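Working notes, structure below.
Here is how names work: the chains are called A, B, and so on, in the same order as the sequence lines, proteins then strands, and each is numbered from 1. In this text, all values refer to a predicted model and were calculated from it rather than measured experimentally.
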Protein chains: 2
Amino acid sequence: MSLPNRVEALIEALRRLPGIGPKSAQRLAFHLLERDRDGARRLAEALREAVERVGHCARCRMLSDAETCAICSAADRDGSLLCVVETPLDLLSIELATGYRGRYFVLHGRLSPVDGLGPEELGFDRLIRRLEEGEVRELIVATGATVEGEATAHYLAELAAARGVRASRLAFGLPVGSDLDYVDRSTLAHAFQSRRPTGASQP
Amino acid sequence: MSLPNRVEALIEALRRLPGIGPKSAQRLAFHLLERDRDGARRLAEALREAVERVGHCARCRMLSDAETCAICSAADRDGSLLCVVETPLDLLSIELATGYRGRYFVLHGRLSPVDGLGPEELGFDRLIRRLEEGEVRELIVATGATVEGEATAHYLAELAAARGVRASRLAFGLPVGSDLDYVDRSTLAHAFQSRRPTGASQP
């Protein structure tokens, strides 16, 4: 082909993004080089900064550029409520959709043995320590309404029950089979509001 | 919001890409930070390299990381044929779709007074020098089948005629009103093959 190697390399790197096919990658590369070099520079710098500086909060595992994230450090958050989510994006959705003022715990996945995701990968040891510290009175399980999300919720409810902590689950109101971050705000707010107590024996 | 500033900055930089809305930008940012930091690093580097090192060929104005691009430097290209295209992507489409072995000239746009694109911005002075060098015998005008593309083609045909160079235009076979790089390969190959001579008086 008749493109400079560096342009080919850029197209290749863009193709690796989810949802970007070969034609889109080409158009993005040409757009950046022909019409928005400043935007390209800014994106490169933003990527470098984010990759180098953003890690995970030591308490809740949310993306954070400090040892402890803003929510875990905030004095005005209610430490008796702990909401467990699958992803940082789910946390964000709850923050945007609801008036929740408790704290979070991010699993970065859900129990899925075929994908090699077990209690260890999801940080359950750290979550158990949180429950054993005694501050948490309600564990709000906000995993997705998928089969794995439900299985994870069931497991977490058992963990909580064994430590005398009440567990609740977002109300079914979520479209079944969907991932949490696709839900519209008002449905999510509704489901969050009508969360119900759940025993270990309840799915 | 509860996101680290560096994550917000990354989402903002991604949103600036054409076709990427706020939700997509968020998903891309989280994908890169949660699942593909290596891809993010590679993309940052590819962007930096491309922006710093890729300029334009001094002869044909194609994207190039050398003073003169690969096609202009190639000894086995036919210097008597010069194909004028609007964008580097159009050049690429012709290379992929046809067996053309001549050279190119990239306008980086088309005559469009409302957008401030006149003969100067499109490099017509350099194109005229190419025509006056005497090597070019046919100017193949491969601007798009849009109103501005046609106006540009008309103007170029007049430039060529005034210098005794034959001008041809891609055959109408292109879907009218479309930009060149959306055309499927076989249609483009067909149109390229049946290009016809065009006088200054013919639209």
Which class fits the ring pair A:F192 and A:Y100: parallel under 30°, tilted 30 to 60°, perpendicular over 60°?
-> perpendicular
Closer than 4.0 angstrom, basic N to acidic O: yes or no for [X] and [Y]?
X	Y	result
B:R103	B:D78	no
B:R169	B:E138	no
A:R16	A:E12	no
A:R163	A:E133	no

Tell me, do B:D90 and B:I94 make a side-chain contact under 4.5 Å, heavy atoms counted?
-> no
B:R110 side chain to B:T146 side chain, donor-acceptor N/O pair below 3.5 angstrom = yes
Below 4.5 Å from any heavy atom of chain B, which atoms of [X] appear? Answer side chain, backbone, both or neither.
X	answer
A:E49	both
A:I11	neither
A:L28	side chain
A:A70	neither
A:I71	side chain

Taking B:K23, B:H31, B:H56 one by one, which has the highest count of heavy-atom pairs under 4.5 Å against chain A?
-> B:H31
What part of B:L32 is in contact with chain A, defined as an atom under 4.5 angstrom from a non-hydrogen atom: side chain, backbone, both or neither?
-> side chain
Contacting region of B:L89 [heavy-atom separation from chain A under 4.5 Å] | both
If you count heavy-atom pairs under 4.5 Å between each of [options] and chain B, which one has the most?
options	result
A:Q26, A:R41, A:E34	A:E34
A:S24, A:A74, A:P4	A:P4
A:V7, A:D36, A:L91	A:D36
A:R48, A:E45, A:R35, A:H108	A:H108

Supply the atom-to-atom distance A:R126 CZ to A:F105 CZ, rounded to the nearest 0.5 angstrom.
-> 6.0 Å
